[in-house]
Chemist: 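Below is a structure I'd like to ask you about.
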Amino acid sequence: MTTELDDTLITDAMRLRILLARELRGSDRVHVGANQGIVLDAIVLAQEVYGTHIRMNAVGGLWLDRPGRAFGLKTYNRDAVERFDFPSDQERAFDNASKPLIVFCGGLQIDQIGNVNLIGVGREGLSWKVRGPGSAGLPSLTGLSSTFYAYAQRHDSQSLVERVEFISAVGSPEMRNLYGLPAITRGAIFTPLGRFSWYGKNLRLTDTAPGVSVEEVLDRSPFWKDLNIDSLVGSPISIAEKNWLKAHVDSSNTEKRKEE
């Protein structure tokens with residue numbers, strides 16, 4: 001007999017996947033970038049647990065159905081490419097990106113107006129103390145779309161800052177207007193503690209993660225000085241969600257990957 005995941009074993013990694021999965025809607029087309037296993041997990045969770053049909057766009061092609069077939073595969077991987085339902089040419093990448101597309105961008109830093117930094121932390125002249133993966137296609141992907149989602153895998157003063165040191169993706173509504181980028185009609189910032197959207201210039205807390213109180217979010221967010229509160233307490237993790245997490249996400253915050 002299978003026992004469900006104990007609440008004491010629910011980790012930040014698990015809560016973040018639940019928040020991302022619950023945000024997805026039927027018939028969404030979601031772009032999964034390199035090393036975005038957490039987004040792929042959320043897509044598979046949404047389809048397998050909630051029955052949410054997702055079309056998944058990745059580097060090199062598109063999964064029209066059963067994205068779970070890609071579970072455990074990196075996007076830059078021949079095995080993954082061979083499993084695409086519809087391969088696409090790199091030369092058409094920006095044409096494809098101009099169509100409605102859900103993009104999740106992870107960040108080294110996210111600030112309280114919603115901008116994301118993927119370049120580095122601790123700039124010293126032309127160098128960085130910590131060098132990130134680089135902005136890659138995110139400036140274009142997030143700049144072409146009216147949908148903007150970003151996530152931080154940790155809720156701490158290193159990942160969440162008052163102002164980012166470099167802007168890889170513009171989330172600030174004021175700055176998007178200034179630069180002529182599409183206004184955000186659907187979007188949010190996610191951390192393991194909750195969901196945040198825009199209220200005026202700054203972010204506001206709209207939902208806490210399952211098992212997390214508003215007070216805990218405030219206590220752990222001194223780096224966001226002007227955080228607004230308009231929050232609902234996140235609904236508890238269901239038995240079905242717990243069973244999926246137990247099968248696919250390790251309690252040590254490491255994904256359990258299938259070998260196929």
Side-chain angles (χ1 to χ4, degrees), residues 2-7 9-33 36-58 61-73 75 80 83-86 99-106 145-153 184-197 205-212 231-251 253-258 260:
T2 302
T3 57
E4 67 182 67
L5 185 67
D6 189 273
D7 287 341
L9 297 178
I10 300 296
T11 65
D12 282 353
M14 294 175 180
R15 290 190 182 94
L16 186 54
R17 282 160 174 76
I18 291 292
L19 287 170
L20 297 185
R22 289 178 177 180
E23 190 74 15
L24 296 173
R25 304 173 184 171
S27 298
D28 273 347
R29 185 163 69 94
V30 182
H31 177 79
V32 180
Q36 283 197 325
I38 188 172
V39 178
L40 176 56
D41 289 356
I43 292 170
V44 178
L45 191 162
Q47 182 144 322
E48 293 184 352
V49 177
Y50 314 145
T52 307
H53 181 76
I54 306 294
R55 291 172 294 168
M56 192 177 79
N57 187 85
L62 176 69
W63 276 278
L64 299 176
D65 194 15
R66 296 189 297 125
R69 289 180 302 147
F71 193 83
L73 298 176
T75 52
R83 299 186 195 192
F84 284 130
D85 292 319
F86 181 77
K99 301 173 184 177
L101 185 71
I102 310 300
V103 177
F104 287 87
C105 53
S145 178
S146 60
T147 299
F148 185 94
Y149 286 116
Y151 63 91
Q153 297 193 51
I184 297 172
T185 57
R186 177 183 169 192
I189 307 293
F190 297 93
T191 80
L193 298 189
R195 179 189 187 277
F196 304 82
S197 66
L205 175 66
T206 57
D207 293 276
T208 62
V212 177
S231 177
L232 299 174
V233 176
S235 58
I237 298 178
S238 68
I239 293 176
E241 288 171 332
K242 288 181 180 180
N243 289 338
W244 192 94
L245 290 169
K246 185 175 182 179
H248 298 294
V249 183
D250 196 294
S251 59
N253 289 349
T254 303
E255 301 91 344
K256 293 179 180 177
R257 294 300 186 188
K258 293 179 182 176
E260 299 182 336

Chemist: Keeping R186 on the side-chain end and S146 on the backbone end, is there a donor-acceptor pair under 3.5 Å?
Modeler: no
Chemist: For the atom pair CD (Q36) and CD1 (I43), what is the distance rounded to the nearest 0.5 Å?
Modeler: 9.0 Å
Chemist: Looking at every non-hydrogen atom in both residues, tell me the closest pair between I54 and R25 and how far apart they are.
Modeler: CD1-O, 3.4 Å
Chemist: Shortest non-hydrogen contact from G194 to L205?
Modeler: CA-CD1, 4.5 Å
Chemist: In Å, rounded to the nearest 0.5 Å, how long is the span from OG1 of T191 to CG of L16?
Modeler: 7.5 Å
Chemist: Is the side chain of R15 donor-acceptor paired with the backbone N or O of P210 at a distance under 3.5 Å, no angle test?
Modeler: yes
Chemist: Give the minimum heavy-atom separation between V212 and L193, together with the two atoms involved.
Modeler: CG1-O, 3.7 Å
Chemist: Locate the shortest heavy-atom distance separating T208 from L19; write the atom from each residue and the value.
Modeler: O-CD2, 4.5 Å
Chemist: Just verifying a value: how many Å separate I102 CD1 and H31 NE2, rounded to the nearest 0.5 Å?
Modeler: 12.5 Å
Chemist: Quick one: do I18 and L245 satisfy side chain to side chain contact (heavy atoms under 4.5 Å, CB included)? Show the steps, please.
Modeler: CA-CA 9 Å; I18 291 292; L245 290 169; 4.1 Å; yes
Chemist: Under the criterion side chain to side chain contact (heavy atoms under 4.5 Å, CB included), I'd like the reasoning laid out for W244 against D41: C-alpha separation, chi angles, the key distance, then a yes or no.
Modeler: CA-CA 10 Å; W244 192 94; D41 289 356; 4.1 Å; yes
Chemist: If you round to the nearest 0.5 Å, how far is CD1 of I239 from NZ of K246?
Modeler: 12.0 Å
Chemist: Closest heavy-atom contact between T52 and G26?
Modeler: CG2-N, 3.5 Å
Chemist: Closest approach of A42 and A21, non-hydrogen atoms and distance?
Modeler: O-CB, 3.5 Å
Chemist: Rounded to the nearest 0.5 Å, what separation is found between the CE atom of M14 and the NE2 atom of H248?
Modeler: 11.5 Å
Chemist: Take the angle between the ring planes of F104 and Y151 and call it parallel below 30°, perpendicular above 60°, tilted in between.
Modeler: tilted
Chemist: About how many Å separate CG of D207 and CD of E23, when rounded to the nearest 0.5 Å?
Modeler: 8.5 Å
Chemist: Verify the distance criterion only: is there a donor paired with an acceptor across the side chains of R195 and T206 at less than 3.5 Å?
Modeler: yes
